[in-house]
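Worksheet: one structure, shown below.
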Amino acid sequence: SFWDSFNDFATVELGEDTLITIDQPITLDADLVVSDGILIADADNVFQTDQQLSINGAAELELRGTDQTIGSLTGGGDIDLGNDSASVFTIGADDENANFTGEISGDGGVVKIGDGDQNLSGELEYLGDTRVQDGELIISGTLTESNVFVENGGTLVLSDSSPNLGDDNVENDVFVEDGGILYGSGSIGNDLENAGLIDFEEGNNNRLVIDGDYTQINDGEFLVQVDANGSSGALEVDGVATLDGTLEIVSDDDEDQFNPSTEYVLLTAEGGIVGEWSNIEEDFAFLDATVVYEERDDNDGDGDEARLTLSRNDLDFIDTAESSNQAAVSGALSRVVGSAEDELATVIGIVETLNGDDSRDAYDALSGAQLATVQSTALVSLQRQHNLLADRAQFIAFDTSIAEPADTTTALIPNRLGYTSAMHPSVEMFRNQNATEEPVEAPRQDLWSNARPWGRIYSGANAFDG
C-alpha cells in the first residue's frame, strides 16, 4: 500500500496541493510526521494510539467528522475536525508529553487522556466540548469557543504565556468537576464552576482572572499558598463570587521569617461575594486563620474581597512539646518572645509557622538531641541560626522547675568534648550556676556536618563555648 514505503521513518511529504485519504487503519513502525500537503481521515480510528502524530507548519489534517484517537500531538500545522458536532478527537493515548502550536477548528470536540502533559499553544477555534479526563492539558494559546470540563483524574493548566497577548486562555465556561484540578495563571472569559480543586500551592503569585462569575460548591476546594513577603495566589472575578466548600492554606518553603500579621487578599469580586467558605483548613500550630468578607476600599476597586489574616494564637511553644528536652527549649523560647531581636527573632518567627510535629523537631534540633538529618525546610533556617543561639545563650535560661524525666540516664546532650550529666539539663545542667566541673573528653559530635559544633556544655553551668 501507499504507507508501506514509510514504515521505517513515517515522514510524509506531500506537494502543496496533494491530498491523501485514509479510509482504513494504518500500521507504521515510527511516529507519523506530515510535513506538507493535506491528510484526510475518512474513517474512524485510522491512526495508531501508541504513536505520536506530528502535523507540521505547512501540513493540514482533516478529520471530516470522524472519531480519532492518537498518541500525543505535535507540530504547528492546521487540524480541521469537520462539521459533525458529535465527533471527538482524543489525544494523549501514548502517555507522552507534547506541544502543538498550530490551529484546531471545526465542529467536533477534543478529549485529553493518558498520563502525559499535552500543551495546546495555538488558536483553538473548534466548537465542541473540551474534556480533560487524565493527565494535564495545558492551554497556553486561546480556546475561543469550547466549554471545558475537567473530569476526575484530569488537570487543566492555564498559562498566561499566550502569544495573543490580552486574549483569554479560555473564552467560554470552565467546569472543574469532583476530582478535577485547575491551576496556573491565566484568564477565563466567562464563568468558572469549582466542584473539584483550584490548586495554587505551587505558585504564590498565581492570578486567575474570571471575566464572568465564580461558583464554588460545597465539594469544591481552593488551595492557596502564602509566603513571608505577603504574597499569595488569588482569584480576580469580574462578576459575582458565590462561595462554599473549603479554603486550604499552606505556607511556602521559603526560609525567610514569616510575618504572622500580614493580610492576604485571596479573592476579589466586582459583582460582590455571596456566602463564604464553610471550612478553613490550615496546619499551623501557633497561628489562627481568619477570613473577612467585606466591601473593597474605593482605592482598591469595586465590589467585595475575601481577606485572610494569620494571627498568633494563645498556644504556648511548650504546649506542643512531648519530651523534657523539648519542654526545656520551648519554654526558653517563650520567655524571649517579647525581647528577641534580629536573628533570634527570626528563629522564633519560623517556629511560629510550624505545625505540631515540625515544632517538636525544631526543639530537638535546638537542644542538640536530634542528630539525624532534619528534613523540614523550616528547620534548615533554624540550623543556620545555631551560631547565633550559641552567642546569645544568655537569653536561653532553661526553666529549672520542669520535672526530672523518669529515666534520667537517657537525657544526654552531645557536645564537642563529651556529655553532660545524665540528668536532664533543665534539672541538672543549669541547677548549679557556680559549678566548675570540667568537661570529659569524648569523641566530637556535631549537630550540623557542615558547621562548627553546637558548643561546649558544662555539666554544672549554663555555659556555651562556640
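Proximity of Ile217 to Asp244: side-chain heavy atoms (C-beta onward) are nowhere separated by under 4.5 Å. Glu96 has its side chain out of reach of Gln51: every pair of non-hydrogen atoms, C-beta onward, lies at least 4.5 Å apart. Put simply, the side chain of Val170 does not reach to within 4.5 Å of the side chain of Asp168, judged on heavy atoms. A heavy-atom distance below 4.5 Å is not found between the side chains of Glu193 and Asp173. Residues Thr130 and Phe149 fail the side-chain proximity criterion, which asks for heavy atoms closer than 4.5 Å. Between Ile113 and Ile91 the shortest side-chain heavy-atom distance does not fall below 4.5 Å. Using a 4.5 Å cut-off on side-chain heavy atoms (C-beta onward), Thr27 and Gln48 make contact. Between Leu124 and Thr144, every side-chain heavy-atom pair lies at or beyond the 4.5 Å cut-off.
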### Task
Dump the intermediate steps for side-chain contact (heavy atoms from CB on, under 4.5 Å) on Leu19 and Ile40, then the final yes or no.
CA-CA 7 Å; Leu19 284 74; Ile40 300 172; 3.6 Å; yes

### Task
Just do the side-chain hydrogen bond (donor to acceptor under 3.5 Å, both in side chains) check on Asp42 and Thr21 with the steps written out, would you?
CA-CA 7 Å; Asp42 207 23; Thr21 299; 6.0 Å; no

### Task
Would you check, one step at a time, whether the test side-chain hydrogen bond (donor to acceptor under 3.5 Å, both in side chains) holds for Thr101 with Ser121?
CA-CA 5 Å; Thr101 63; Ser121 56; 5.1 Å; no

### Query
For Val46 and Asp23, what are the C-alpha separation, side-chain angles and deciding distance, and is it a side-chain contact (heavy atoms from CB on, under 4.5 Å)?
CA-CA 7 Å; Val46 298; Asp23 57 7; over 6 Å; no

### Task
Take Ser232 and Leu266 through the test side-chain contact (heavy atoms from CB on, under 4.5 Å) and record every step on the way to the result.
CA-CA 7 Å; Ser232 70; Leu266 305 182; 3.6 Å; yes

### Message
Using side-chain contact (heavy atoms from CB on, under 4.5 Å), reason through Asp78 and Ile55 one step at a time and then give a plain yes or no.
### Response
CA-CA 7 Å; Asp78 295 338; Ile55 306 297; over 6 Å; no

### Task
Give the intermediate values and the outcome of side-chain hydrogen bond (donor to acceptor under 3.5 Å, both in side chains) for residues Gln225 and Tyr264.
CA-CA 10 Å; Gln225 176 177 278; Tyr264 304 85; over 6 Å; no

### Task
Could you give me the CA-CA distance, side-chain angles and deciding distance for Asn83 and Asp107, then say whether side-chain hydrogen bond (donor to acceptor under 3.5 Å, both in side chains) is met?
CA-CA 5 Å; Asn83 56 10; Asp107 294 342; 5.8 Å; no

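Side-chain atoms of Ser72 never come within 3.5 Å of backbone atoms of Gln52 as a donor-acceptor pair (strictly under, hydrogens ignored). Side-chain N or O atoms of Asn56 include none that pairs as donor or acceptor with a backbone N or O of Ala58 at under 3.5 Å. Between the Glu305 side chain and the Arg307 main chain, no donor and acceptor come within less than 3.5 Å of each other. In this structure, the side chain of Asn97 engages the main chain of Asp117 through a donor-acceptor pair within 3.5 Å. The backbone N or O of Trp277 lies less than 3.5 Å from a partner atom in the side chain of Tyr293, making a donor-acceptor pair. With hydrogens and angles disregarded, no donor-acceptor distance shorter than 3.5 Å links the side chain of Asn119 to the backbone of Phe100. Here the side chain of Asn172 pairs a donor or acceptor atom with the backbone of Glu145 at under 3.5 angstrom. Checking side-chain atoms of Asn152 against main-chain N and O of Asp134 turns up no donor-acceptor pair under 3.5 Å. The main-chain N or O of Glu171 is never found under 3.5 Å from a side-chain atom of Asn190 such that the two would form a donor-acceptor pair. With hydrogens and angles disregarded, a donor-acceptor distance shorter than 3.5 Å links the side chain of Asp67 to the backbone of Val88.
More than 12 heavy atoms of other shown residues, nucleotides or ligands fall within 6.0 angstrom of atom CG in Asn45.
No donor-acceptor contact under 3.5 angstrom links the side chains of Glu248 and Thr246, judged on distance only. For Thr69 and Thr49, the side-chain atoms include no donor-acceptor pair closer than 3.5 Å. Side-chain atoms of Asn206 and Ser185 include a donor-acceptor pair closer than 3.5 Å. For the residue pair Asn194 and Tyr214, a side-chain donor N or O sits within less than 3.5 Å of a side-chain acceptor on the partner.
Partner Val274 forms a side-chain contact (heavy atoms from CB on, under 4.5 Å) with one of Asp304, Val240, Leu243 and no other, that one being Val240.
In this structure, CG on Leu235 lies 9.0 Å from CD1 on Ile188, to the nearest 0.5 angstrom. Asp191 CG to Asp213 CG: the interatomic distance, rounded to the nearest 0.5 Å, is 5.0 Å. To the nearest 0.5 angstrom, Ile280 atom CD1 is 7.5 Å from Thr290 atom OG1. Between the CZ atom of Arg360 and the CG atom of Asp358 there is a distance of 9.0 Å, given to the nearest 0.5 Å. The distance from atom CD1 of Ile249 to atom CD of Glu201, rounded to the nearest 0.5 Å, is 12.5 Å. Within the model, atoms CG of Leu197 and CG of Asp178 stand 10.5 Å from one another, a figure rounded to the nearest 0.5 Å.
A pairwise comparison of heavy atoms in Thr320 and Ala285 identifies CG2-CB, 4.3 Å as the closest pair. Phe286 approaches Ser359 most closely through the heavy-atom pair CE1-CB, 4.0 Å. Scanning both residues, Ile273 and Gly275, for their nearest heavy atoms gives CG2-O, 3.6 Å. When every heavy atom of Ala41 is checked against every heavy atom of Gln68, the shortest pair comes out as CB-NE2, 3.7 Å. Across every non-hydrogen atom of Gly106 and Asp80, the tightest pair is CA-OD1, 3.7 Å. Closest approach of Ile181 and Val150 over heavy atoms only: O-CG1, 3.5 Å.
Taking the six-membered ring where the residue is Trp, the centroids of Phe200 and Phe222 are separated by under 6.0 Å.
A cation-pi geometry, defined here as NZ or CZ lying under 6.0 Å from the six-membered ring centre and within 45° of its normal, holds between Arg312 and Phe317.
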